Amino acid sequence: MPYSFPQGFVWGTATAAHQVEGNNVASDFWMLEHAPGTLFREPSGDAVDHFHRYPQDIAMIRQLGFGAYRFSVEWARIEPVEGYFSIAALDHYRRMIASCHEHGVKPCVTFHHFTSPLWFTLDGGWEDRANVDRFLRFCERTVRHLGDLIDTAYTINEANLSATLQVAGVFPPGGLKSVAGFVGEAAKRYGSTPERIGPFLLGDPMKLRDTMLEAHVRARDVIKSGPGSFPVGVTLAMQDFQALPGGEAHVARARAESWDPFLEAAREDDFVGVQTYSRSRFDANGPMGPEPGVPVLIMGYEFWPEALEGTVRYAAKTANVPIHVTENGIGTTDDAQRIDYERRALAALVKCMRDGIDVRGYFYWSLMDNFEWLFGYGPEFGLVAVDRTTQRRRPKPSADWLGAIARSNTFPD
Ligand code: BGC
């Protein structure tokens with residue numbers, strides 16, 4: 001039987017500033033991408049020039065059939081030097097949000113999506129809890145400028161990402177920084193030290209987790225006390241942790257260390273954002289590799305669209321607030337595989353919703369092919385391809401496929 005999503009269900013696509021805007025030169029990642037010995041496959045460069053082309057991109061979101069756009073404001077542009085807030089940068093984001101409203105697209109704003117100003121990261125970054133106040137000052141200034149136009153806000157994107165990657169056995173205990181010498185060497189070049197530099201993703205996972213948890217809780221209150229009245233939450237990286245016989249204790253520990261602190265904090269939030277791409281299996285020895293016979297994607301994990309069911313169920317049960325699927329998608333050059341992924345992921349979501357789980361929206365990652373962090377421009381997550389020489393956009397068949405579902409608000413049987 002076809003499934004009709006509830007009226008008002010939000011269909012959107014997502015991006016993040018650093019991955020699409022281009023030339024984010026005051027950010028920590030820009031420096032790390034260019035550092036000698038960098039692990040980044042290539043620098044972000046001009047990206048897909050969304051900084052200048054956002055009006056046409058937002059118009060395209062609407063044309064494709066989506067009613068919401070999740071994007072991030074870039075702290076490194078807004079506060080490129082500590083204590084100096086660029087009104088021009090804030091105005092830029094105000095225009096972007098206004099453009100969403102003009103096109104009937106809900107502006108859903110992430111305050112932090114991986115990148116930070118270089119000055120912040122060199123001085124302890126997310127490893128130092130004393131730095132939470134610096135993030136709050138940015139949130140306060142930004143919401144004062146934009147709050148009256150925001151539809152939904154997310155404090156921090158995937159605040160638990162490094163912790164998740166550590167418990168899944170992808171990152172070593174001290175984080176990537178502990179094994180990738182280029183981060184420490186880069187720190188020294190900029191007058192910091194390998195101990196003091198604290199970038200998101202690459203830093204010490206458990207330190208990042210604790211700082212970001214505190215930052216989320218306090219930022220939520222700061223954002224809520226600004227102008228406007230809109231829901232605020234955090235988004236979490238949730239690969240579905242699955243236990244094979246003997247692996248149950250490992251799964252319980254993985255959830256306790258990387259999800260539960262955030263899901264418990266989310267009980268005081270308006271919703272929780274679930275972001276799922278694949279699964280991680282555990283047996284009695286801990287994290288396992290991909291299952292033989294299951295295709296492995298360019299990101300190194302399995303093609304496993306059904307992962308969304310387990311993560312949505314767990315998040316809803318633990319946080320007991322509405323769920324927004326704030327990211328879900330696939331990096332592939334095979335667009336038919338993308339449609340297959342989407343069909344199966346949405347079927348999994350529909351199962352949860354038929355069981356009464358309160359899911360309010362679904363955002364596909366990503367609107368366009370973009371800068372996939374350490375992987376550079378290799379993985380293609382977009383519904384829309386971009387020729388990065390001409391910056392010409394070309395919607396893929398998957399964009400029409402998902403756009404049609406969004407328009408009809410119905411999932412075919
Ligand atoms: C992040 C995105 C990223 C996507 C695909 C999420 O971890 O929020 O920035 O591009 O996954 O890997």
Side-chain angles (χ1 to χ4, degrees), residues 12-21 24 27-29 32-33 40-42 44 47-48 50 69-75 108-116 126 154-168 170-171 176 199-202 205 208-209 212 216 233-240 258-259 262 272-280 296-305 307-308 311 324-333 337-338 341-342 345 362-384 386 398:
T13 64
T15 64
H18 188 78
Q19 296 179 267
V20 291
E21 286 182 345
N24 188 17
S27 69
D28 50 0
F29 275 60
L32 291 166
E33 288 159 22
F40 285 83
R41 196 188 106 158
E42 58 196 317
S44 49
V48 291
H50 186 60
Y69 181 33
R70 173 172 176 255
F71 61 94
S72 68
V73 291
E74 181 54 58
W75 183 8
C108 302
V109 178
T110 310
F111 278 66
H112 186 275
H113 194 127
F114 290 18
T115 42
S116 306
W126 291 103
Y154 319 96
T155 52
I156 300 177
N157 179 72
E158 297 193 341
N160 67 332
L161 176 58
S162 309
T164 290
L165 291 173
Q166 182 180 312
V167 298
V170 181
F171 278 6
L176 263 198
F200 182 81
L201 186 64
L202 309 175
L208 301 185
R209 178 196 65 186
M212 293 201 137
H216 160 64
V234 66
T235 79
L236 299 179
M238 295 182 75
Q239 305 295 78
D240 190 20
S258 70
W259 296 354
F262 291 93
V272 63
V274 172
Q275 310 198 159
T276 300
Y277 290 89
S278 185
R279 65 171 184 175
S280 299
V296 174
L297 300 169
I298 185 174
M299 297 296 290
Y301 46 68
E302 294 168 302
F303 175 85
W304 201 264
L308 192 57
T311 54
H324 295 194
V325 178
T326 39
E327 284 185 26
N328 180 239
I330 177 175
T332 179
T333 49
Q337 188 183 34
R338 187 181 334 277
Y341 182 94
E342 279 304 287
Y362 178 90
F363 290 75
Y364 179 80
W365 181 274
S366 178
L367 171 63
M368 298 174 277
D369 292 339
N370 62 42
F371 180 69
E372 181 54 33
W373 309 111
L374 291 159
F375 296 84
Y377 290 96
E380 297 176 2
F381 278 89
L383 296 173
V384 174
V386 182
S398 57

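In listed order, ligands and their atoms are each counted from 1. Given the structure is predicted, the values throughout are model-derived calculations rather than measurements. Values below: every heavy atom of this structure, side chains too, minus hydrogens, waters and symmetry copies.
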Classify the angle between the aromatic ring planes of Phe29 and Phe40 as parallel (below 30°), tilted (30 to 60°) or perpendicular (above 60°). perpendicular

Are Glu33 and Ser44 linked by a side-chain donor-acceptor pair shorter than 3.5 Å? yes

In terms of ring plane angle, is the pair His18 and Phe371 parallel, tilted or perpendicular, where the classes change at 30° and 60°? perpendicular

Dump all N/O pairs between ligand 1 and the protein below 3.5 Å as a table: atom names plus distance, one pair per row.
{"from": "ligand 1", "atom 1": "7 (O)", "to": "Glu158", "atom 2": "OE1", "distance (Å)": "2.6"}
{"from": "ligand 1", "atom 1": "7 (O)", "to": "Glu158", "atom 2": "OE2", "distance (Å)": "3.1"}
{"from": "ligand 1", "atom 1": "8 (O)", "to": "His113", "atom 2": "NE2", "distance (Å)": "3.1"}
{"from": "ligand 1", "atom 1": "8 (O)", "to": "Asn157", "atom 2": "ND2", "distance (Å)": "2.8"}
{"from": "ligand 1", "atom 1": "8 (O)", "to": "Glu327", "atom 2": "OE1", "distance (Å)": "3.1"}
{"from": "ligand 1", "atom 1": "8 (O)", "to": "Glu327", "atom 2": "OE2", "distance (Å)": "2.8"}
{"from": "ligand 1", "atom 1": "9 (O)", "to": "Gln19", "atom 2": "OE1", "distance (Å)": "2.8"}
{"from": "ligand 1", "atom 1": "9 (O)", "to": "His113", "atom 2": "NE2", "distance (Å)": "2.8"}
{"from": "ligand 1", "atom 1": "9 (O)", "to": "Trp373", "atom 2": "NE1", "distance (Å)": "2.9"}
{"from": "ligand 1", "atom 1": "10 (O)", "to": "Gln19", "atom 2": "NE2", "distance (Å)": "2.9"}
{"from": "ligand 1", "atom 1": "10 (O)", "to": "Trp365", "atom 2": "NE1", "distance (Å)": "3.2"}
{"from": "ligand 1", "atom 1": "10 (O)", "to": "Glu372", "atom 2": "OE1", "distance (Å)": "2.6"}
{"from": "ligand 1", "atom 1": "11 (O)", "to": "Tyr277", "atom 2": "OH", "distance (Å)": "3.4"}
{"from": "ligand 1", "atom 1": "11 (O)", "to": "Glu327", "atom 2": "OE1", "distance (Å)": "3.4"}
{"from": "ligand 1", "atom 1": "12 (O)", "to": "Glu372", "atom 2": "OE2", "distance (Å)": "2.6"}

Side chains of Thr15 and Tyr69 only: does a donor on one sit below 3.5 Å from an acceptor on the other? yes

One pair to check against side chain to side chain contact (heavy atoms under 4.5 Å, CB included): Asn160 and Met212. What are the steps and the verdict? CA-CA 8 Å; Asn160 67 332; Met212 293 201 137; over 6 Å; no

Quiz question: by atom type and distance under 3.5 Å, do the side chains of Thr326 and Thr235 form a donor-acceptor pair? no

